[in-house]
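Comments concern the structure below.
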Number of protein chains: 2
Amino acid sequence: MATIKDIARESGFSVGTVSAVLNNSNMVSDETREKVLSVIEQLNYTPNRVARNLRKNETKTIGVIVPDITNPFFSQIIRSIFNIAYKNDYLLMQLDSNESQRIGEDEVKALINQRVDGIILIGDIVSENFLANELQSKNIPFVVIERDYTNFDGPTFLVDTVKGGYLATKHLLDFGYKTVGVISGPIEQKSFYSSLGRLEGYRRALNDYGLPFDEQLIQQSDFTFDGGYQAMMKFISTDRIPRAVFAFNDLMALGAVEAIKNSGLLVPQDVAIVGYDDIPEAAYSFPALSTIRLPKKRLGEKAITELLDILKGQPIERKKIILDVDLVVRGSSGIFNSN
Amino acid sequence: MATIKDIARESGFSVGTVSAVLNNSNMVSDETREKVLSVIEQLNYTPNRVARNLRKNETKTIGVIVPDITNPFFSQIIRSIFNIAYKNDYLLMQLDSNESQRIGEDEVKALINQRVDGIILIGDIVSENFLANELQSKNIPFVVIERDYTNFDGPTFLVDTVKGGYLATKHLLDFGYKTVGVISGPIEQKSFYSSLGRLEGYRRALNDYGLPFDEQLIQQSDFTFDGGYQAMMKFISTDRIPRAVFAFNDLMALGAVEAIKNSGLLVPQDVAIVGYDDIPEAAYSFPALSTIRLPKKRLGEKAITELLDILKGQPIERKKIILDVDLVVRGSSGIFNSN
DNA sequence: CGTTGTTTTTGAAACGTTTCAGTTGTTGTT
DNA sequence: AACAACAACTGAAACGTTTCAAAAACAACG
C-alpha cells in the first residue's frame, strides 16, 4: 500500500507538504495542492490511520459495552449511538459482556489497551469499585447509560423509572382494579433503575389511590420470559389471583400472558397486564402489550453527544440526566372494569 | 500513561528486553522477567496497542457491517461472531449500513483506512463491482454472509434458501391445501438468497404435489411488517382468498396475521401462515408463528472461524458454504384440513 | 538592489512499540 | 589459558504519520 513517502517522492514535494495537503492546512498553495492530490488519486493512496493515531494520540474510536447485544432494547440504543458517532468521524468498538461483570471488566481493560478515545457503558457492566479505580482515576472519558452508580456523579443517562412504575400502576388502577400484582426483577440496591425505582412508582400510585401496599402481591423474578411465566403461575396457583399485573419488563409480561392463556384465562378479561420497555415484540404479541415506552433513541443520542463534547475538551459536568417515559396503551390492559 | 521506556528505565533493562518479556520470548532469564514484571505491575503499565499495531502492521480488529443492527436476525449472528473473535484476541468494529449500499461502501472504505485485519459483510452491503475493485483486488481479507455474489467465489456463507422455501410450502400442502399464496420480498436477480431461492423451493414443492404454479398467488412485497399487512389485504380483497400463505420473512408473516385478524378471520382456521427466519417475535406472537429456522449462530461462527484462518495465513479457499435449515411448526399453520 | 515581510516548503523529531544484528557474559572443552 | 558455543541483553532502525522550527522563495517597498 502506498504511503505518504511515495506520494512525496512522486509529486516532488516533501512529506510535510503532503501531510499539510491531507489535513487541509491553508499553508499550502493551490497549485501544490492540486499536484499532490492528483498523485494521491493516481496511486490510490489512503492515509494509514494507525500511524496517525499513534502520532496524534487518539484513535477516533469509541468503545461501547452492552450486556446483551441480542436484546433489541440495547441494539436500538447502539444504533442511535453509531449514527451520531459515524457522522462525527468516530467508529464504534462494540462488545457484549454476556451479562457478566467479570467479562465486562475484562472488556473495559481491552478497550483501554486499544486506546479508544472514550467508553460508553450501557446497563450493568462493571462494579462501582472498578468504575472508580480503572476508569475515573485513570481519567478515561466515559459515560454511563441506564445504570445509576451511587458514588459516581459523572455523566449518566437514565430514564424516569419511578414515573414509569407510577404510570403503569395508575393506568391499571384507573380501570378500577383494587389489587395490582407485580412481577419484578431481582431486587437489590444496585438494580435501582431496573427494579427498585419501578417498585417505588408502584407504591406511590397505590398511595395516591388510598390503597395499601401488600407484600403478597410482589413476585420477584429475573427479567426473562420464563421467569415471567413462572411468576404468573405462582399467582394463579393462589386463591386470590390479582386481576391486574404489572410486569417490570416486556419479556416477563409476555411470559405472564402465556401463563394466563395456558391456564384457560383471558387477557385482559381475566387478568390485565402492563409491561415495561416497549420492545418490538410488545406490538406484535396478542393481545398487544400495554407498556411503558423508554426514549431509547434519545438515550443513546444524549450519551454519545455528551461523550463527543467531552472528547472535544469540554469540561466534564457532574450530572445525571433523567429522561421522561410514557405509557403506551394496547390491548393487554383492556377496558374491563372490576367494579 | 507509562510507556515501555519508563519500564526500561525503572527496571534497569533495555526496551528490547522489556519488549521480550511482554512477548514471552524465551530469550530472557527468569530473574529478569520477574524484575521487569514487578515494575510493570508497580507502574500499572499496559502496552499501547496503537504503537504495536503500527509496528506489526496488524490491528487485531475485524470490521463487521450489517444492514440493520436492530434486526435480531443480524444481532444474533454478530453475537456469535463477537464471542469467537474475542476469544482469539480480536475486537469488532461494527457498522450499520442502514440498508443503503452507498453508506455500506463508504463504511468499507472507513474500515480499510482503519486498517482492520479483515472484514465480514452480512447481507447486501456493497455492489458486485465494489467488491471486486475495492476488496478483492486490494487483497483485503474478507468473508460474506447471506449474500451470493455471482462473480465472487471466495468464502461465502449461505443458507439453503431453496430448501427453506420447499419445506415451508410442503408443510402447508401436507395439510391438504391446494393453493398456497406467497408474500415475497422484492424479486430481483441480486436478491436470490432472500426471494428467488425461496420462490424456487415453492415451485418445486408445488411440482412434487402435481399442482400448477399460479402467478396470481404471488404478492410482491418488501420484507416489512406493513408490507406483509398490505399484501395480505390484497389477497383478502380478492374473490378467492388463499387458505394458506407462505410469507418470505417473519415480519411480513406477522403483518399478514394482523391483516387476517383485522378482517374478522382466524389463523389458522381461515388462513394458515408460515413465515421465514424464526425471529424471537415468531415465538411470542399469537398464534405463534410456524417458520423456517436458519442456523444464525453457526452462520456467524463458520464465517469468523474462516476469516481467522485466513488471517493466520491459511490460503483462501474458493468456496461457498451452504448451511441447512429446518421447519419449526407452531400454531399459525394449525392442523385444519381443507379436504 | 538591499531590506523587510509574507507565504510556502522542508526536514527532522516524535509517537511507543517490535525486531534483529551485534555485544557482552558465562560455561565448557581442550 | 585460549577458544568456542551459547545465553542474555542492548541499541538502533523501522512502522507511517503529524508537527514545527527553520529555510527558501517570493513580493513589496524605499
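Letters A, B, ... are given to chains in the order of the sequence lines, protein chains preceding strands, and every chain is numbered from 1.
- Proximity of a side-chain donor or acceptor of A/N71 to a complementary backbone N or O of A/F73 within less than 3.5 Å is detected.
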Expected string for nucleotides 22-28 of chain C under the B/S/- scheme (protein heavy atoms, under 4.0 Å, primed atoms plus P, OP1, OP2 as sugar-phosphate) is -------
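- Across its full length, the helix from C/dC1-D/dG30 to C/dT30-D/dA1 shows an angle of 60° between the axes of its 5 terminal pairs at either end, rounded to 10 degrees.
- Screening residues 305-315 of chain A for salt bridge (Lys or Arg N to Asp or Glu O under 4.0 Å), with sequence neighbours left out, gives A/E306-A/K319, A/D309-A/K312.
- Of the residues in residues 46-56 of chain A, those lying under 4.0 Å from DNA chain C by heavy-atom distance are A/L54, A/R55.
- No donor-acceptor pair under 3.5 Å is formed between the side chain of B/E134 and the backbone N or O of B/K109.
- A donor atom on one side chain and an acceptor atom on the other are not found under 3.5 Å apart for A/N98 and B/Y86.
- Scanning all heavy atoms of the two residues, the minimum distance from B/L111 to B/G63 falls at CD1-CA, 3.8 Å.
- For the pair A/D117 (side chain) and A/T59 (backbone), a donor-acceptor distance under 3.5 Å is present.
- A heavy atom closer than 4.0 Å to some atom of DNA chain D occurs in no member of residues 27-39 of chain A.
- Partners of A/S127 by side chain to side chain contact (heavy atoms under 4.5 Å, CB included), not counting sequence neighbours, listed by chain and number: A/Q101, A/E105, A/N129, A/F130.
- A 4.5 Å side-chain heavy-atom check between B/N53 and B/R115 finds every atom pair outside the cut-off.
- Between the B/N48 side chain and the B/V50 main chain, a donor and an acceptor come within less than 3.5 Å of each other.
- Judged by distance alone, the side chain of B/T156 and the main-chain N or O of B/G154 form a donor-acceptor pair under 3.5 Å.
- Considering only heavy atoms from C-beta on, A/Q114 stays 4.5 Å or farther from A/T61 through its side chain.
- Not counting sequence neighbours, the partners of B/R9 by the salt bridge (charged side-chain N to carboxylate O under 4.0 Å, His left out) test are B/D6.
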Please tabulate, for side-chain N and O atoms in residues 75-85 of chain A, each donor-acceptor pair with protein atoms closer than 3.5 Å (sequence neighbours left out).
unit_1, atom_1, unit_2, atom_2, d
A/S75, OG, A/P72, O, 3.4
A/R79, NE, B/D96, OD2, 2.8
A/R79, NH2, B/D68, OD1, 3.4
A/R79, NH2, B/D96, OD1, 3.2
A/R79, NH2, B/D96, OD2, 3.4
A/S80, OG, A/I77, O, 2.8
A/S80, OG, A/K297, O, 3.1
A/N83, ND2, A/R79, O, 3.4

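- Within a heavy-atom distance below 4.0 Å of DNA chain C, the residues of residues 1-21 of chain B found are B/T3, B/I4, B/G16, B/S19.
- With sequence neighbours excluded, no residue forms a side chain to side chain donor-acceptor pair (under 3.5 Å) with B/K56.
- Checked against side chain to side chain contact (heavy atoms under 4.5 Å, CB included), A/Q136 has the following partners two or more places apart in sequence or in another chain: A/A132, A/F142, A/F152.
- Nearest heavy atoms, A/S11 versus A/V18: OG-CG2, 4.4 Å.
- From the 5' end on, the contacts that DNA chain D makes with chain A at under 4.0 Å to a non-hydrogen atom open and close at D/dG16 to D/dT19.
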